[in-house]
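All ligand and atom numbering here is 1-based and tracks the order in the structure.
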Amino acid sequence: MNKIILKPGREKSLLRRHPWVFSGAVARIEGKAAAGDTVHVVAADGQFLGVAALNPDANISARVWDWHEATQINTAFFHRRLEAAIGIRRTLFARKSAEAERLVHGESDGLPGLIVDRYADVVVVQITSAGCNRWREAIIEALQRITAARAIYERSDADVLELEGLSARTGLLRGELDAPVVEITENGIRLQVDVAGGHKTGFYLDQRDNRLRVGEFAAGRDVLNCFSYTGGFTLQALAHGAASVASIDSSADALRLARENVRLNGVSQDRCEWVDADVFQHLRKLRDQNRHFDLIILDPPKFAPTAATAERAARGYKDINLLGFKLLRPGGLLATFSCSGGVTADLFRKIVAGAALDAGTDAQVIGQFHSTPDHPVSLAFPEGEYLKGLLCRVN
Ligand code: SAH
């Protein structure tokens, strides 16, 4: 077996079952292993640590598949892991066939670099590690057998691919898909998801339950949904009787689908305002126009993928949250989110507190948000917890 041998003292994180081996921790690689091949991770004193996929040229030199020396990485291994991940969802959540769910959440499901989302009877995979790429056929075959999906579509076009030395791959892998737009239901709402052209694998499933929770506060209120994408929050707000919902996004395609989603649900467009604009600029415009709202949603894209970029991200969050607080009527609610891995929940709360202070408002936290439970976070892998949010009420 090929080996990746660590520098003295660098075994600690692996003993805590954190699955990444950083290049700086590696003393040497023994044997002729290429990217994606299986290696044993070994401490400086020869102690076995884990069975991993190697990626010698990447910053993450190896990602651990398993912690037992005898484990063989083969087709059967992937079948077992996928069956386990999907089985957990079936047992715990029993999502209906018309719904959407995350079936595999990377490291937290023991499959580093693999995301699998189900949109009704269509499965979308995203492969972003050399290890999963090496085993792609085994993974896809197992997914086909376990899910019996009508189609399996690949969306391996994330930014992180470059870091792994992989090139983008997208397209239909199995089955048939006459149109790339798939209809799902989510907490009573019908939504169209563009699995070929949409963001990520097509939709932001991590916000499913938060969309419902926020929507439940919308009755009779004037709502401003910032970074609306295809209207997930907008539709929940409308369904719960919002007086009006203004949705802002800089993607014309997303707004077009959002409008179609409103139509699909038989809701009149009378209560809707669609704004194709930059949120940072448009919030200033609304402030200058002296517009006010009762419920504001801020769900921006990732400003800081890593802790190193947290400072710049903090300025972005501060800016929109400050403007958000200023645009609220007395008694209004701000549902504010961050999906930046580099910004911790603690830091995010401090940024939001600073924004409230600078806006001259007194605010209370009346709720906290996390990703939906089909995006589990392994206790050994805190990086898996990227989405955090606060529901604030202003006086
Ligand atoms: N709330 C959405 C997900 C938001 S994802 C949901 O529940 O599905 C972030 C969205 O922000 C994307 O749709 C993207 O097009 C949009 N976006 C990114 N930067 C923006 C900017 N500066 N101004 C307006 N929209 C932006």
Side-chain angles (χ1 to χ4, degrees), residues 99-102 117 119 124 155 158-159 181-182 184-187 189-195 197-216 218 223-240 242 245-262 264-265 273-286 295-305 312-313 315-321 323-324 327 334-341 343 369-372 375 386-391:
E99 292 179 301
E101 62 182 331
R102 175 147 297 187
D117 288 336
Y119 296 104
V124 183
R155 282 298 303 275
D159 300 340
V181 177
V182 180
I184 60 162
T185 64
E186 177 184 279
N187 293 318
I189 300 290
R190 292 168 70 185
L191 291 163
Q192 288 179 307
V193 175
D194 182 352
V195 299
H199 297 176
K200 306 216 281 185
T201 63
F203 198 49
Y204 293 86
L205 292 175
D206 50 0
Q207 289 280 33
R208 182 204 307 119
D209 299 349
N210 302 335
R211 285 189 276 263
L212 176 63
R213 271 181 70 197
V214 172
E216 284 170 346
V223 179
L224 177 64
N225 180 13
C226 302
F227 309 97
S228 65
Y229 191 47
T230 55
F233 281 101
T234 300
L235 273 152
Q236 283 295 349
L238 290 168
H240 285 87
V245 186
S247 310
I248 317 175
D249 203 283
S250 57
S251 159
D253 285 341
L255 287 175
R256 198 171 309 123
L257 202 49
R259 273 204 190 87
E260 274 181 42
N261 283 331
V262 167
L264 187 66
N265 286 276
E273 182 184 339
W274 305 103
V275 187
D276 180 350
D278 174 77
V279 166
F280 291 84
Q281 287 171 15
H282 195 72
L283 289 179
R284 289 183 162 74
K285 199 162 150 189
L286 292 170
L295 170 60
I296 298 179
I297 300 144
L298 296 173
D299 184 23
K302 192 162 43 185
F303 290 157
R312 211 196 49 190
R315 280 200 292 277
Y317 289 121
K318 174 83 178 279
D319 191 38
I320 53 173
N321 280 279
L323 289 159
L327 293 175
L334 180 71
T336 180
F337 298 90
S338 162
C339 60
S340 296
V343 175
F369 303 106
H370 307 277
S371 1
T372 47
H375 295 56
Y386 60 96
L387 179 67
K388 71 279 309 175
L390 296 170
L391 182 63

Between Tyr119 and Phe203, is the ring pair (Phe, Tyr, Trp, His ring centres under 6.0 Å) condition met? List the steps.
CA-CA 9 Å; Tyr119 296 104; Phe203 198 49; 7.1 Å; no
N/O separation below 3.5 Å, Ser228 to ligand 1
no
Closest protein heavy atom to atom 5 (S) of ligand 1, given as residue, atom name and distance to 0.1 Å
Tyr204 CZ, 3.3 Å
Taking Arg315's backbone N and O only, do any of them form a donor-acceptor pair with Asp319's side chain (distance below 3.5 Å, no angle check)?
no
Ala277 heavy atoms within 4.0 Å reach ligand 1 at atoms 23 (N), 24 (C)
Of Gly231, Pro300, Gly198, Pro301, the one whose closest heavy atom lies nearest atom 19 (N) of ligand 1 is Pro301
With rounding to the nearest 0.5 angstrom, report the SG to OH distance, Cys339 to Tyr386.
7.5 Å
When distances are taken from atom 3 (C) of ligand 1, the protein heavy atom at minimum range is Asp299 OD2, 3.3 Å
Can you report which non-hydrogen protein atom sits closest to atom 4 (C) of ligand 1, along with the distance?
Phe227 O, 3.2 Å
Just need the protein heavy atom nearest to atom 13 (O) of ligand 1, so name the residue and atom and give the distance.
Asp249 OD2, 2.7 Å
Closest heavy-atom contact between Leu264 and Gln192?
CD2-CG, 3.8 Å
Using 30° and 60° as the class limits, which term best fits the ring planes of Phe337 and Phe369: parallel, tilted or perpendicular?
tilted
Parallel, tilted or perpendicular: which fits the ring planes of Phe227 and Phe280, with parallel below 30° and perpendicular above 60°?
perpendicular
Note the single closest protein heavy atom to atom 22 (N) of ligand 1, along with its residue, its atom name and the distance in Å.
Asp278 OD1, 2.7 Å
Looking only at non-hydrogen atoms, find the nearest pair between Asp206 and Asn210 and report the distance.
O-ND2, 4.1 Å
Tell me, which protein residue and heavy-atom name are nearest atom 20 (C) of ligand 1, and how many Å apart are they?
Ser250 OG, 3.4 Å
Of all the atoms in ligand 1, which lie at a distance below 4.0 Å from a heavy atom belonging to Arg211?
6 (C), 7 (O), 8 (O)
About how many Å separate CG of Leu283 and CD of Gln281, when rounded to the nearest 0.5 Å?
10.5 Å
Distance under 4.0 Å to a non-hydrogen atom of Ser251: what atoms of ligand 1 satisfy this?
15 (O)
For Phe233, counting its heavy atoms only, list the atoms of ligand 1 lying under 4.0 Å from any of them.
1 (N), 7 (O)
Counting from 1 in the order shown, the ligand 1 atoms closer than 4.0 Å to a non-hydrogen atom of His199 are 12 (C), 13 (O), 14 (C), 15 (O)
Are any of the N/O atoms on Val279, whether in the backbone or the side chain, positioned under 3.5 angstrom from an N/O atom of ligand 1?
yes
Evaluate Arg284 against Asp278 for salt bridge (Lys or Arg N to Asp or Glu O under 4.0 Å), listing each step before the verdict.
CA-CA 10 Å; Arg284 289 183 162 74; Asp278 174 77; over 6 Å; no
